[in-house]
Amino acid sequence: MTKTEQQFDFSYLRGQREPQSVLIAVGGGKGGVGKSFVSSSLALLLAHRGFDTVLVDLDLGSANLHTYLGQGPTQKGINEYLLQPELKFQDVISPTPFPHLRFVSGASEQLNVSTLQEGQKGRLMSALYNTPADFIVLDLSAGAHDTTLDFFLMASRQVIVMTPEPSSMENAYGFMKAAFYRKLKRHEKQLRLGGLLGQLMAKRQELGIRTPADLLQMVLLKEPERGLQLKKVMRDLSFEIVLNQARSQNDANLGPSIKTVCNKYFGVSANLLGSLDYDNAVWQALRKRRPVLLEYPHSRLYTQLTTISRQFANVPFKRAVV
Amino acid sequence: MKNLAIHSQSYYDILEVSPQAPPQEIHRAYQRARLAYSPDSPALYTMFTPEEAKELLRLVEEAYTVLGHPERRKAYDDQLAREQTLNELPDFPEPSPEMLESQPVTPPKKDLPEGYARTRLSTYLVDPQFEQELRQIRDFNGAVLKRVREYKKISLDQLCDETRIGRPYMTALEVDDYEALPAAVFTRGFVVQVARIFGLDEKIVADSYMKNFKKYKN
């Protein structure tokens with residue numbers, strides 16, 4: 001462990017105190033399914049409702065979230081925070097032209113998720129955990145790298161973005177499976193289940209374990225008490241699905257099916273936040289480098305996004321008086 | 001191959017509804033599940049193999065056959081409640097709230113004291129003499145209905161709320177004010193609803209009431 005790591009490993013603080021905000025992680029495996037679009041729109045809408053919101057670009061290595069906000073790269077970002085131990089996280093949060101919305105850029109040439117060291121990751125996670133705000137929205141990178149999964153699992157709201165294309169669904173499912181097993185592994189150790197999971201997985205053919213739900217059920221049979229505890233902690237994991245780029249009613253109808261299948265497969269709750277239409281407005285607005293929400297406030301997309309954001313902060317609608 | 005977790009789930013878990021779910025919700029959940037596990041459902045991709053999906057679909061059908069039918073559902077609820085009691089036997093460590101939560105239990109109906117009976121809306125003291133009389137009545141008019149209602153301890157408000165029949169109509173029904181009642185088909189519908197709540201033979205009640213009604217109208 002290097003000196004800087006020793007000095008700034010705050011990870012012991014996490015878990016001993018409550019997070020200082022509601023952390024929303026937006027992940028989903030495949031690239032190009034709209035994670036950045038969903039997270040930036042969500043952050044904008046929450047900020048618009050008056051919540052102090054921080055949008056964090058965790059797509060290290062290929063960060064471009066600032067473009068979705070219609071901004072150029074910022075002076076300081078996660079890159080500087082990680083490389084300069086004397087910086088505080090507050091220093092790298094930059095203001096945006098939008099009220100209540102602040103932004104942490106992830107733009108960097110030197111770092112990416114796979115080169116992030118354990119100490120750096122711990123310091124960043126503690127900083128996210130301890131930053132006071134109403135909401136912190138984390139835009140995760142594509143792929144199911146361990147670091148990405150850790151950021152995903154630390155959040156209290158775990159949003160999965162997918163599109164109705166089979167490749168996207170496959171990756172999103174893969175991401176969920178990876179997240180599930182990573183969490184399971186961590187708690188296996190904490191609950192001192194020994195190598196039980198490994199043993200069960202080795203014999204999964206004979207035991208008929210096919211899905212994570214089966215695995216949990218089997219643990220429950222073998223170790224009733226700790227199995228229950230395991231089931232309980234696994235329940236913290238709840239996938240909240242956003243179906244993006246729905247091009248037809250058929251696509252949109254897929255949402256409930258995905259939710260049902262996830263519920264059965266994982267045995268932990270999966271929830272459908274909503275589906276978003278495929279809309280040319282998105283790339284048109286991106287070309288103009290303006291947030292879609294400001295450029296096309298009368299689109300159906302706006303309504304759908306509002307519906308989704310309202311599941312994070314349930315504020316009553318303002319009614320028009322006519 | 002047997003799918004472990006699924007086979008240990010109750011029919012309610014399989015359809016993902018709460019044990020208190022009303023019939024419409026169960027039907028909707030059934031349609032949703034059938035769509036999700038249908039052979040050409042894109043949502044299954046990389047999660048369940050076609051054979052597993054087929055098995056799931058079979059379980060969904062099985063669950064709906066039971067839960068979609070009021071009597072079979074009731075029998076199943078009773079069975080679940082019994083299994084719940086069995087689960088509480090010693091060889092299992094103290095059941096935690098989670099465990100109880102995962103097994104739906106329908107609260108057992110409290111038995112009434114001797115000599116009492118219940119309707120959907122009330123509990124009343126059984127009067128054998130009146131019951132006897134009631135069985136003989138073949139001519140139900142408003143006054144008789146009112147007597148039955150009072151005997152069964154149902155207030156006019158309760159009855160109106162339950163049947164969603166307006167109070168003016170309900171009063172008219174009880175005082176045989178045929179002028180104030182709507183057209184024959186509607187009036188018959190009202191009488192049938194009331195008879196059902198009272199636990200009377202709806203055909204006898206409605207036929208006799210409507211005979212008087214039509215006699216008056218002609």
Side-chain angles (χ1 to χ4, degrees), chain A residues 29 162-174 176-177 200 204-221 223-233 235 241 243 250-251 253-270 272, chain B residues 1-18 25 28-60 63 87-103:
Chain A
M162 56 168 99
T163 68
E165 278 87 56
S167 55
S168 155
M169 283 170 46
E170 183 177 5
N171 282 7
Y173 284 156
M176 290 192 237
K177 289 175 196 173
L200 290 179
R204 65 171 181 270
Q205 289 297 335
E206 303 125 69
L207 295 171
I209 297 174
R210 242 289 299 167
T211 63
D214 292 342
L215 184 62
L216 279 185
Q217 190 65 31
M218 204 65 210
V219 175
L220 199 63
L221 285 178
E223 288 271 350
E225 219 161 326
R226 278 178 286 174
L228 264 185
Q229 284 173 354
L230 189 66
K231 213 168 175 173
K232 199 175 150 195
V233 290
R235 244 184 237 176
I241 297 157
L243 191 65
N250 263 349
D251 284 356
N253 288 344
L254 201 54
S257 294
I258 292 173
K259 177 195 145 198
T260 303
V261 169
C262 289
N263 263 330
K264 275 285 170 299
Y265 187 82
F266 291 109
V268 299
S269 87
L272 182 69
Chain B
M1 187 165 57
K2 275 218 156 193
N3 199 321
L4 261 169
I6 298 299
H7 284 275
S8 64
Q9 281 186 339
S10 77
Y11 287 151
Y12 290 105
D13 293 336
I14 287 173
L15 290 184
E16 292 170 27
V17 289
S18 94
E25 205 172 291
R28 271 200 301 274
Y30 163 67
Q31 286 176 323
R32 210 166 46 224
R34 216 171 51 164
L35 189 69
Y37 303 125
S38 69
D40 50 355
S41 161
L44 293 169
Y45 183 53
T46 70
M47 296 291 253
F48 293 107
T49 62
E51 295 81 57
E52 284 167 338
K54 215 168 141 192
E55 172 70 6
L56 281 166
L57 204 56
R58 193 188 62 73
L59 278 169
V60 164
N87 278 353
E88 280 162 10
L89 287 177
D91 80 298
F92 214 70
E94 40 177 352
S96 67
E98 283 83 5
M99 243 169 74
L100 295 177
E101 201 183 287
S102 66
Q103 298 274 336

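Proteins get letters first, then strands, A, B, ... in listed order; numbering begins at 1 in each. From a predicted model like this one, the values you see are computed outputs, not experimental measurements.
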Between Asn263(A), Asn253(A), Leu216(A), which has the largest tally of heavy atom pairs under 4.5 Å with chain B? Asn263(A)
Using the side-chain contact (heavy atoms from CB on, under 4.5 Å) criterion, which residues pair with Pro212(A)? Sequence neighbours excluded. Phe180(A), Tyr181(A), Tyr265(A), Phe266(A)
side-chain contact (heavy atoms from CB on, under 4.5 Å) partners for Asp251(A), two or more places apart: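 Testing Asp251(A) for side-chain contact (heavy atoms from CB on, under 4.5 Å), a comparison that skips the adjacent residues, returns Pro164(A), Ala246(A), Arg247(A), Ser248(A).
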Decide side-chain contact (heavy atoms from CB on, under 4.5 Å) for Gln9(B) and Lys264(A); before the verdict, give the C-alpha distance in whole Å, the side-chain angles of both, and the deciding distance to 0.1 Å. CA-CA 10 Å; Gln9(B) 281 186 339; Lys264(A) 275 285 170 299; 3.6 Å; yes
If I compare all heavy atoms of [X] with all of [Y], which pair ends up nearest, and what's the gap?
X: Thr49(B); Y: Arg210(A); result: N-NH2, 4.2 Å
X: Met169(A); Y: Pro42(B); result: CE-O, 2.9 Å
X: Val261(A); Y: Ala43(B); result: CG1-O, 3.8 Å

Student check: side-chain heavy atoms of Lys177(A) and Thr46(B) closer than 4.5 Å: yes
Distance col, row Ser168(A):OG vs Tyr45(B):OH, nearest 0.5 angstrom, shows 11.5 Å
Measure the spacing between CG of Leu254(A) and CG of Leu35(B) and express it to the nearest 0.5 Å.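 Those atoms lie 8.0 Å apart.
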